[in-house]
Amino acid sequence: MTNKIRNIAIVAHVDHGKTTLVDGLLKQSNTFRHNQAEMNQSLIMDSGDQESERGITITAKLTAVDYKDYKINIIDTPGHADFSSEIERTLNMADGVLLVVDAQEGAMPQTKFVLSKALEMGLKPLVIINKIDKPGRDIAKVEDGLSDLFLELATDESQLHYPIFYAVGRDGKAWREIPANFEDEADLSVIFEAIIDQIPEPQVKNEGGFQMQVSALDYDNFLGKYAIGRINRGQIKTNDKVVIMGQNDNQNAKVDKIFAFAGLTKNETTEATAGNIVALVGLNDAKIGDTICNPDQLEKLDHLKIQPPTLKIYLGPNTSPFKGRDSKFNTTRQIADRLNKELETNVGLRVEPNQLGFTVSGRGELHLSVLIEAMRREGYEFEVGRPQVVTIEENGQTLEPIEELFIEVEQTYLGAVSQTLGKRYAQMINQSNISDNIIRLEYEITSRALIGLRSELLTLTKGTVVMNSLPKGYQPLINKDFADRNGVLIAFETGATTPYALQAAEDRGELLVGPAVDVYQGQIVGIYNRQEDLEINVCKTKHLTNMRSKSSDGAVQLTPFTEFSLEQCLDFLADDELLEVTPKDLRLRKKYLDPNERKRFNNQNK
Ligand SMILES: Nc1nc2c(ncn2[C@@H]2O[C@H](COP(=O)(O)OP(=O)(O)OP(=O)(O)O)[C@@H](O)[C@H]2O)c(=O)[nH]1
Ligand SMILES: [Mg+2]
């Protein structure tokens, strides 16, 4: 019965509180026993290890709760623009969205993106102004901003009438009116009631042959692949024969098992009807976007619309002399299999083979670095090159992607930040005050100039800057290089670093390796004080002499070396450099390890 089902997606800009709100909905719908561990847990749905470490949602996830006699399927989505394809992939299971907006920040770039997607698809929005406990809240201003945004994005009049709720998601509280005191007793009943009353029942067809678009895939060791989607028409029973309608061909299959979502688990059932979100086992060839149909009524649903990638990176088998030291998987074949597996679910990603390895493209640096980090944790070893933008050709012209960039910065750093953006040819669109001390800047900037900007601004502002960007379109390529990076210190020979040699190297720049680590010829061991590169010896041992200098008895005192994160390494790379990624190490290196080959290459490219 569709009238007792509600399917909703929770959408918002990054960090506005989606996953925290889902915690509340789970806990207040008696999904867990009172003494169950989850009752005391937060961000329950952020179950991936990188999700909990980074504190962000990376993949969209499904859960279901019972409220009164209704079943509410909830899709928690990521708010980071790099993971936008997760929204494009899952929104077609929903009939409404909870649009969560931070009471201080208001509508942000990704708010606009997710709302435009939801309104385009005709989904009913409920607006939740969240975090009204923040001292910097400005609810009236946030409501104004939202009303402008709806005016801009609405595709018909009815979408301009949206209910607004006020919430402290973290405490599991929401109100219909702004409460006099947000510390008053409250729960999420008003949200549950609004989902039931105001989100339409699934807009599906009860009559006719089974039809479902695959929106998600899941896997486990016992049953293999689960094809997940909302049944769009008809019903399904265990053992039913179906046809998987793919992008290019059709395949026959049989439904072995059917599962419905319940809390954090799936429950097996023998049949399901239109409007339900189900996971089907037995369809091993099903891909995201495919339509599963009753063989007697083959009708394919429109394929998902996924925006093209903006950033690409070379990824290939490791060619360093240390290859194979601590990895389980390092051959081209193993890497290819892993990337192909990733493509099944990571629908915003593209992979093309090239002579040496692969070109992997995604929606941004984070999209790619999350994949790189996942692979190294699984025991893969490989090398990657400098991230590059994906250009397109139009009317004989090369175009590069541009983005809207939003920055919030303390007054003290305004000058330095503006200067850095100027160097990267960013155009300022708007500047406004958020508070006495915090300025909000809006720029238009090429995606190319965004590479490495986050690390640079974080350093410049002692970690205080807030930065967000959103793809805006394309413009003719400007042939300007933004890299004003220093040269590097390159290991002159293969061996183990010694404190003695490192101490001597310290005067030349900033070291990226510590003592007693193995390095190879051509590896980057530091950042030079100057623009060009320099080969240095970081392995030499002190010659033994009979002379004793005054200081030579004590241990060598080294300045702590700089350890780059994966993202910092990617930002740092120049065109003639690679990053070696292994489960244990990240090593920056020159593409050509041999100094003579390097010279020859550089001369050719002058
Ligand atoms: N002050 C305050 N903080 C909140 C509230 N709700 C959530 N937060 C905090 O906001 C941060 C982000 O919350 P999340 O629920 O992870 O946000 P999200 O929208 O799921 O983030 P992404 O999935 O990465 O886009 C966490 O530190 C929460 O504790 C609230 O009502 N008030
Ligand atoms: Mg989240």
Side-chain angles (χ1 to χ4, degrees), residues 8-28 38 40-63 74-91 97-115 117-118 126-139 142 164-175 178-179 181-184 186-188 190-191 264 348 363-367 369-370 406 408 454 466-470:
I8 55 154
I10 307 207
V11 296
H13 184 77
V14 66
D15 253 12
H16 282 193
K18 297 173 286 298
T19 308
T20 308
L21 184 67
V22 178
D23 287 345
L25 294 172
L26 282 167
K27 290 175 186 171
Q28 292 182 29
E38 279 85 357
N40 293 316
Q41 220 175 303
S42 56
L43 301 179
I44 300 166
M45 299 289 285
D46 283 346
S47 48
D49 55 355
Q50 286 199 64
E51 293 186 311
S52 39
E53 283 164 35
R54 294 175 189 259
I56 54 170
T57 302
I58 294 172
T59 55
K61 289 180 214 70
L62 263 166
T63 181
I74 303 172
I75 308 156
D76 183 27
T77 65
H80 201 290
D82 277 41
F83 310 119
S84 293
S85 58
E86 292 294 303
I87 312 263
E88 293 162 334
R89 163 171 87 75
T90 52
L91 227 45
V97 293
L98 304 188
L99 178 71
V100 178
V101 185
D102 182 301
Q104 180 179 354
E105 292 188 355
M108 292 290 281
Q110 195 66 2
T111 315
K112 183 173 169 184
F113 174 85
V114 294
L115 183 61
K117 291 280 161 193
L126 304 180
V127 172
I128 300 179
I129 298 185
N130 192 29
K131 308 198 190 183
I132 60 164
D133 57 312
K134 272 186 157 183
R137 68 187 170 262
D138 191 343
I139 298 174
V142 169
I164 301 184
F165 299 89
Y166 306 89
V168 182
R170 200 168 52 191
D171 298 342
K173 295 177 179 176
W175 298 266
I178 302 175
N181 186 350
F182 57 79
E183 277 162 2
D184 289 351
D187 57 22
L188 295 174
V190 295
I191 304 291
L264 306 180
R363 288 280 183 87
E365 222 170 335
L366 193 59
H367 193 195
S369 67
V370 164
F406 297 78
E408 283 169 27
R454 185 182 300 272
V466 179
M467 185 181 135
N468 291 289
S469 60
L470 183 77

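Ligands are counted one by one from 1 in listed order, and the atoms in each one are counted from 1 as well.
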- Listed partners of D138 passing salt bridge (Lys or Arg N to Asp or Glu O under 4.0 Å), at least two apart: none
- Query: So do V114 and T77 actually touch side chain to side chain, heavy atoms under 4.5 Å?
  - Reply: no
- Query: Tell me, do T63 and L264 make a side-chain contact under 4.5 Å, heavy atoms counted?
  - Reply: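 Answer yes - side chains close enough.
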- Message: Under a 3.5 Å cutoff, is there a donor and acceptor pairing between the side chains of T19 and E51?
- Response: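 Result is no, nothing qualifies.
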- Message: Whether the S52 and D46 side chains hold a donor-acceptor pair (N or O, under 3.5 Å, no angle test) is what I'd like checked.
- Response: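 Note: S52 and D46 side chains miss the donor-acceptor criterion.
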- Query: What distance separates K173 NZ from F182 CZ, expressed to the nearest 0.5 Å?
  - Reply: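 Rounded to the nearest 0.5 Å, the NZ-CZ separation comes out at 8.5 Å.
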- Message: Checking E38 now: which residues fulfil side-chain hydrogen bond (donor to acceptor under 3.5 Å, both in side chains) with it, not counting sequence neighbours?
- Response: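 With sequence neighbours excluded, E38 shows a side-chain hydrogen bond (donor to acceptor under 3.5 Å, both in side chains) to Q36, given in chain and number order.
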- Query: Using a distance threshold of 2.8 Å, what protein N/O/S atoms lie below it relative to the Mg ion (ligand 2)?
  - Reply: T19 OG1, T57 OG1
- Message: Looking at every heavy atom in both T90 and A60, which two are closest together, and how far apart are they?
- Response: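 In terms of heavy atoms, the two residues are closest at CG2-CB, 3.7 Å.
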- Exactly which residues line ligand 1, taking a heavy atom under 4.0 Å from it as the test? V14, D15, H16, G17, K18, T19, T20, L43, I56, T57, G79, N130, K131, D133, V168, G169, R170
- Task: Dump the intermediate steps for side chain to side chain donor-acceptor pair (under 3.5 Å) on N468 and H13, then the final yes or no.
- Result: CA-CA 10 Å; N468 291 289; H13 184 77; 3.1 Å; yes
